[in-house]
Amino acid sequence: MWSDLDAIGEKLGYPIYLFQGGYCANSMMCDKQTAMAVVRKLPRSGKLQVFMVSDDFPQTQFEIMPYAMEDGDDGWNLQKALLQVMNGCKLSDFRLARAFLTEGHSTVVAKYVKTYPYLAANEIACFLRNPNLREKVIKDWIVWHSKHEQTLFEDGKTYLAFNASKIVASLKIELLGWFIQTFLKEFFGTDMFAETEQALLKRCLDLGRVDLINLYLTELEPLNGFYGLYGGDVFELVQAVAEDNPKVASWYANEYLPRTTVDA
């Protein structure tokens with residue numbers, strides 16, 4: 001049987017997907033059916049690896065071959081993750097979730113986060129840093145959380161407020177301005193505000209985006225009646241990057257400090 005599968009794999013190209021009824025294809029979807037298992041030939045060992053997707057598949061027909069970690073293991077995790085997602089499963093294994101959220105196609109990831117919007121803390125960065133995602137997918141996910149007020153955390157913290165620091169630390173720089181202008185009120189005054197501000201400040205300073213800090217200060221001023229940042233270690237953060245980025249040092253001396261002493 002292994003030789004038969006190998007012959008099919010050589011003809012179709014690996015990986016090959018197995019469906020109910022015993023037929024094979026080189027796509028996980030065929031005739032409106034989702035594959036029950038996937039067969040991959042490891043390039044170094046030459047052995048076949050069978051990954052079972054469904055408990056309904058007759059696993060006793062196959063001997064699961066051991067395999068070593070290969071350079072392409074992330075790609076293999078992505079294949080596993082896609083098969084589980086196509087079967088309507090939530091990804092509970094972080095290795096699979098990380099591969100899927102980081103590298104998955106925009107349309108497939110969009111459907112997944114719409115079905116399972118409450119990503120774990122260590123999954124948020126993977127999702128937001130996916131280079132394949134359209135901006136609308138990210139915006140829709142964030143907006144959804146702003147409109148659904150159900151609380152998952154103690155003390156009335158919503159998901160958006162609780163994870164605001166993680167979001168600004170990983171959000172595409174092109175969307176940071178939008179996030180600041182749209183959701184600052186969502187996390188202002190919460191227990192997570194100081195942490196979020198520090199994450200935002202560090203991100204902007206590391207990238208030299210003092211324009212985004214100025215935007216943040218402009219949006220913040222009506223809320224706090226103060227011209228500066230709440231964080232007490234602003235100078236330390238600036239000092240950490242100023243030596244390599246004179247633009248940051250100039251901003252701090254010529255824009256930020258005069259702004260905070262405007263009423264003095």
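Throughout, residue positions are numbered sequentially from 1 according to the sequence presented. For clarity, every value in this text was computed on a predicted model and none was experimentally measured.
- Separating the OG1 atom in T115 from the NZ atom in K90 is a distance of 11.0 Å, to the nearest 0.5 Å.
- Looking at residues two or more places apart in sequence or on another chain, you find a side chain to side chain contact (heavy atoms under 4.5 Å, CB included) between F94 and R98, N122, E123, C126.
- Separation of atoms CG (L119) and CZ (F127) is listed at 6.5 Å; rounding is to 0.5 Å.
- For an aromatic pair to be called close, the ring centres must be under 6.0 Å apart, and F183 with F187 fails this.
- Note that the CG atom of L78 and the CZ atom of R95 stand 14.0 Å from one another [nearest 0.5 Å].
- Classified by interplanar angle (parallel below 30°, tilted 30° to 60°, perpendicular above 60°), the ring pair F100/Y112 is perpendicular.
- One N or O on the side chain of S106 and one on the backbone of R134 form a donor-acceptor pair closer than 3.5 Å.
- With rounding to the nearest 0.5 angstrom, the OG1 atom of T218 is 11.0 Å from the CG atom of L184.
- No side-chain heavy atom of D191 sits under 4.5 Å from any side-chain heavy atom of F162.
- Considering only heavy atoms from C-beta on, R129 stays 4.5 Å or farther from T102 through its side chain.
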Test side-chain contact (heavy atoms from CB on, under 4.5 Å) applied to T196 and T190, step by step: CA-CA 10 Å; T196 302; T190 67; over 6 Å; no
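- Judged purely by atom type and a 3.5 angstrom limit, H148 has no side-chain atom pairing as donor or acceptor with the backbone of T158.
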Let me have the donor-acceptor pairs involving side chains of residues 204-213, under 3.5 Å, with sequence neighbours excluded, atom names and distances please.
residue : atom : partner : partner atom : Å
D206    : OD2  : K202    : NZ           : 2.8
R209    : NE   : D211    : OD1          : 2.8
R209    : NE   : D211    : OD2          : 3.4
R209    : NH2  : D211    : OD2          : 2.8

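- Using a 4.5 Å heavy-atom threshold, the side chains of L175 and L128 count as separate.
- F188 is listed as a side-chain neighbour of N224, based on a closest heavy-atom distance under 4.5 Å.
- Under 3.5 Å, the side chains of E195 and S165 contain a donor-acceptor pair of N or O atoms.
- E174 CD to L171 CG: the interatomic distance, rounded to the nearest 0.5 Å, is 9.0 Å.
- Proximity of a side-chain donor or acceptor of N130 to a complementary backbone N or O of L101 within less than 3.5 Å is detected.
- Put simply, the residue from K139, E135, K172 that forms a side-chain contact (heavy atoms from CB on, under 4.5 Å) with W178 is K139.
- Every salt bridge (Lys or Arg N to Asp or Glu O under 4.0 Å) that K136 has, sequence neighbours left out, goes to D140.
- A distance-only check finds no donor-acceptor pair linking the side chain of Y256 to the backbone of S250 [under 3.5 Å].
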Residue pair H145, W141: steps toward the side-chain contact (heavy atoms from CB on, under 4.5 Å) verdict: CA-CA 7 Å; H145 285 294; W141 179 77; 3.4 Å; yes
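- Looking only at side-chain heavy atoms (C-beta outward), V143 and K147 come within less than 4.5 Å of each other.
- Between L201 and V238 the shortest side-chain heavy-atom distance does not fall below 4.5 Å.
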Step-by-step side-chain contact (heavy atoms from CB on, under 4.5 Å) determination, W251 to N245: CA-CA 10 Å; W251 166 81; N245 194 330; over 6 Å; no
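- When side chains are defined from C-beta on, N163 counts as touching K166, because their heavy atoms get closer than 4.5 Å.
- Remark: side-chain polar atoms of N132 are paired, donor with acceptor, to backbone N or O of E103 under 3.5 angstrom.
- No side-chain heavy atom of V109 sits less than 4.5 Å from a side-chain heavy atom of V85.
- Taken from CD in E186 to CZ in F179, the straight-line distance is 8.5 Å, to the nearest 0.5 Å.
- Aromatic ring centroids of Y118 and W144 lie under 6.0 Å apart.
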Stepwise side-chain contact (heavy atoms from CB on, under 4.5 Å) check, R203 with V168: CA-CA 8 Å; R203 179 91 187 280; V168 300; 5.9 Å; no
